[in-house]
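Residue numbering restarts at 1 for every chain, and letters A, B, ... go by the order of the sequence lines. Just so it is clear, the model here is predicted, and its values are computed rather than measured.
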2 protein chains.
Amino acid sequence: MADVARLAGVSSQTVSRVSNGYAGVNEETRQQVLAAMKELGYRPNSAARALKRGEFRTIGVITFTLSTTGNVRTLEAIATSAAAEGYAVTLLPVAVPTQDEVRGAFSRLEELAVDAVIVIMEVHLLDAATVTLPPHVQVVVVDSDAGSHYTVVDTDQSGGTRTAVQHLLDLGHLTVWHLAGPEDSFAAQRRADAWHGALTDAGRPAPPVVRGDWSAESGYRAGLELAAQEDCTAVFAANDQMALGLLRALHERGRRVPEDVSVIGFDDIPEASSFLPPLTTLHQDFAEVGRLCVQAVLRKMRRDGPQRGTTLVPTRLVLRDSTAPPPGGGAGEV
Amino acid sequence: MADVARLAGVSSQTVSRVSNGYAGVNEETRQQVLAAMKELGYRPNSAARALKRGEFRTIGVITFTLSTTGNVRTLEAIATSAAAEGYAVTLLPVAVPTQDEVRGAFSRLEELAVDAVIVIMEVHLLDAATVTLPPHVQVVVVDSDAGSHYTVVDTDQSGGTRTAVQHLLDLGHLTVWHLAGPEDSFAAQRRADAWHGALTDAGRPAPPVVRGDWSAESGYRAGLELAAQEDCTAVFAANDQMALGLLRALHERGRRVPEDVSVIGFDDIPEASSFLPPLTTLHQDFAEVGRLCVQAVLRKMRRDGPQRGTTLVPTRLVLRDSTAPPPGGGAGEV
DNA sequence: GTGGCTGATGTTTGCGTAAACATCGGCGGT
DNA sequence: ACCGCCGATGTTTACGCAAACATCAGCCAC
């Protein structure tokens, strides 16, 4: 910077002013400084800048494996939104969802250059790990019900699920089975609860829950069980991947979709429209979730707006070919 | 830090020594300092540290959309490997693969706190954008043939493709059609070239290339074309997602897989085993690619080892149910 | 005992930047 | 003409840390 100042014949402070787009610099001087910067290939040192300003303009994102579409898409949206706000995003992967690993990620975080953190995981693991967050680091959480303790942004799991169940009931199915996600996922739990609630509200019996782990393979295994249930005519899968496995299992067992069994998924991954048959599912607006996360965390940093509470992003039902009235037409109900 | 020093009754330099795990500190003193740190909740300021040391211990990763499995898995592996080496990973998303956007990402990078960059995209876009990288920032590239100009780490596209083609020829197919990826992807181009080379080497005719854009939807559209080709008994899809769409198109047109048409994919995404039928494909070791990227970039930073050149990671053929001898048994060939 | 050495610790300094304050020339109002 | 003010720029300082150097006590060899 001193070199630039010398070359431009000004003081380093003026260089600083130009580089920060400060007002009150003569246009002529400004051009000289810019020219000098270019000639010397000057680029501001972000470490020094951060040191002086006391902030890094960086947001940390903590998440488990990036193997679920939702996390990835959310992360991508966060990165994009953050970039638009002039913030960088630092990734803090947690290999295994154990308390030790989570604690490890947070202790790494302790000496990491971030102003705020967005956590994409069930917050219980976070609390259980008894982490102590740096006091000035703001936190926003996705996939959690901890709205009273943290700022939470999430898809409206409950609303989406009720839409799915209602869609199947409207088609005439007497009840809807549920292929749930893993128990330690808040999203999975929330979907299972809403499914149960929707059935109960409609006065329908709730079949036993079949559980997977989000993977297509687990959906296949669960599907083999469901295929054996004679009275199962409609299944709500907690995500599209498991729905894919379910479709394969049903196909193998000779149960046609949607003629014999209707299947509805959750997420609307890009591939869902290419399943056999194309999958009816609930579209999640991950981009919006990511955007809201960034906004929320920036608002917290600036200390305006609420410090906690939950923001829900609505889902949208995407009708494709995997749902239809039950065998016999379902006229018995409508 | 001064507070800690005061509380522990030592100088700030001793605190620094303890916090950096320096030798030559009396165990007793050390414990006192640690106690003081804990009491005051001291945590080192990474900005000051970076300023003093002249490095950030951060690697930037530039990539297009995280919607392809490969990029995501590579990114994840990079993040994990980097963390193991004590490095953080900063994400630089490029929304659209235009030169302007790429240039934008790099200019953001200019004032970003990174010591090195890993680029996950075709390097032509990078060069075309006439970016000027900060001189001391090291670069490693994935998905590119720029081995003579950059350090490149990539999956062995060519070897994998030849394995796929050979597998189909060995089953007795007279030739293999190719559902290729977009032209601007180096990986897609490389796979297409290798496919053509393998056929030529075997003295087989090369059918016209059908092109998609990696998405399942594009695979479906291409699949409708392929299904109309009476003599098409084997297809090599450049990735699993397109293979998924292809399977759907073939199914819709009444062409059975693998009885009438064999399909082989590339990537081995987790869902591939749940396709209808489960997909034979080439497994890519993304974790290894990511690990090697980090190693390569660190080696460059430390200035030991080669500054350029290409490292290839082998693929592995995963046999499932989507490939079989051609109708008629293929005995005419073997 | 004295010189030289080692290991433990303290002191000084500067990394690159930007806030705070200082300076200085010019301009309008009285 | 003089005061005061404003806009443009320069000077000083401190951000938190760690390298370099300085100090100092204890110990060994002769």
Side-chain angles (χ1 to χ4, degrees), chain A residues 1-58 86 88 109-115 134-137, chain B residues 1-37 40-58 86 88 109-115 134-137:
Chain A
M1 188 155 108
D3 299 338
V4 174
R6 207 169 309 122
L7 179 61
V10 299
S11 76
S12 67
Q13 181 55 237
T14 302
V15 175
S16 168
R17 282 193 261 258
V18 171
S19 118
N20 285 7
Y22 234 72
V25 176
N26 193 320
E27 185 56 27
E28 194 179 332
T29 318
R30 173 191 185 66
Q31 289 306 329
Q32 276 179 0
V33 172
L34 287 175
M37 279 180 172
K38 195 158 192 176
E39 182 172 340
L40 296 175
Y42 166 81
R43 94 193 168 107
N45 178 315
S46 52
R49 205 169 255 196
L51 174 59
K52 193 71 184 121
R53 293 209 279 230
E55 62 164 33
F56 306 100
R57 313 222 97 206
T58 298
L109 167 71
E110 298 240 324
E111 51 186 67
L112 217 57
V114 298
D115 304 311
H136 60 283
V137 172
Chain B
M1 187 155 110
D3 299 338
V4 174
R6 208 170 305 123
L7 180 60
V10 299
S11 76
S12 67
Q13 180 56 290
T14 301
V15 175
S16 168
R17 283 194 260 257
V18 171
S19 111
N20 285 7
Y22 234 73
V25 176
N26 193 320
E27 185 55 29
E28 194 180 333
T29 317
R30 173 190 186 68
Q31 289 306 329
Q32 275 179 0
V33 172
L34 287 175
M37 278 179 173
L40 295 176
Y42 167 79
R43 101 191 164 106
N45 177 315
S46 51
R49 203 170 257 196
L51 175 59
K52 191 72 182 113
R53 294 209 279 229
E55 62 163 34
F56 307 100
R57 311 224 99 206
T58 297
L109 167 71
E110 298 240 323
E111 51 187 66
L112 216 57
V114 298
D115 302 311
H136 61 284
V137 171

Separation of [N] [atom2] from [X] [atom1] (nearest whole Å):
X	N	atom1	atom2	result
A/Glu27	D/dT9	CD	P	11 Å
A/Phe56	C/dT17	CZ	P	17 Å
A/Tyr22	C/dT17	OH	C1'	13 Å
A/Met37	C/dG16	CE	C1'	13 Å
B/Glu55	D/dA19	CD	C1'	14 Å
B/Gln31	C/dA8	CD	P	15 Å

Check: For the helix from C/dG1-D/dC30 to C/dT30-D/dA1, what angle lies between the axis at the first five pairs and the axis at the last five pairs, to 10 degrees?
Finding: 40°
Which residues pass the side-chain contact (heavy atoms from CB on, under 4.5 Å) test with [X], not counting sequence neighbours?
X	result
B/Ser46	A/Phe56, A/Ala113
A/Gln13	A/Ser11, A/Ser16, A/Arg17
B/Leu40	B/Asp3, B/Val4, B/Leu7

Check: Taking protein heavy atoms under 4.0 Å as touching, what does nucleotides 10-17 of chain D look like 5' to 3' if B marks base contact, S marks sugar-phosphate-only contact and - marks none?
Finding: BB--BBBB
Can you give me the closest heavy-atom contact between [X] and [Y], atom names plus distance?
X	Y	result
B/Pro44	B/Arg49	CB-NH2, 3.4 Å
B/Ala50	A/Ala47	CB-CB, 3.8 Å
A/Asn20	A/Arg53	ND2-NH1, 4.2 Å
A/Arg43	B/Leu112	NH1-O, 4.0 Å

Can you give each donor-acceptor pair under 3.5 Å made by side-chain atoms of residues 27-37 of chain A, sequence neighbours left out, with the distance rounded to 0.1 Å?
from: A/Glu27; atom 1: OE2; to: A/Gln31; atom 2: NE2; distance (Å): 2.8

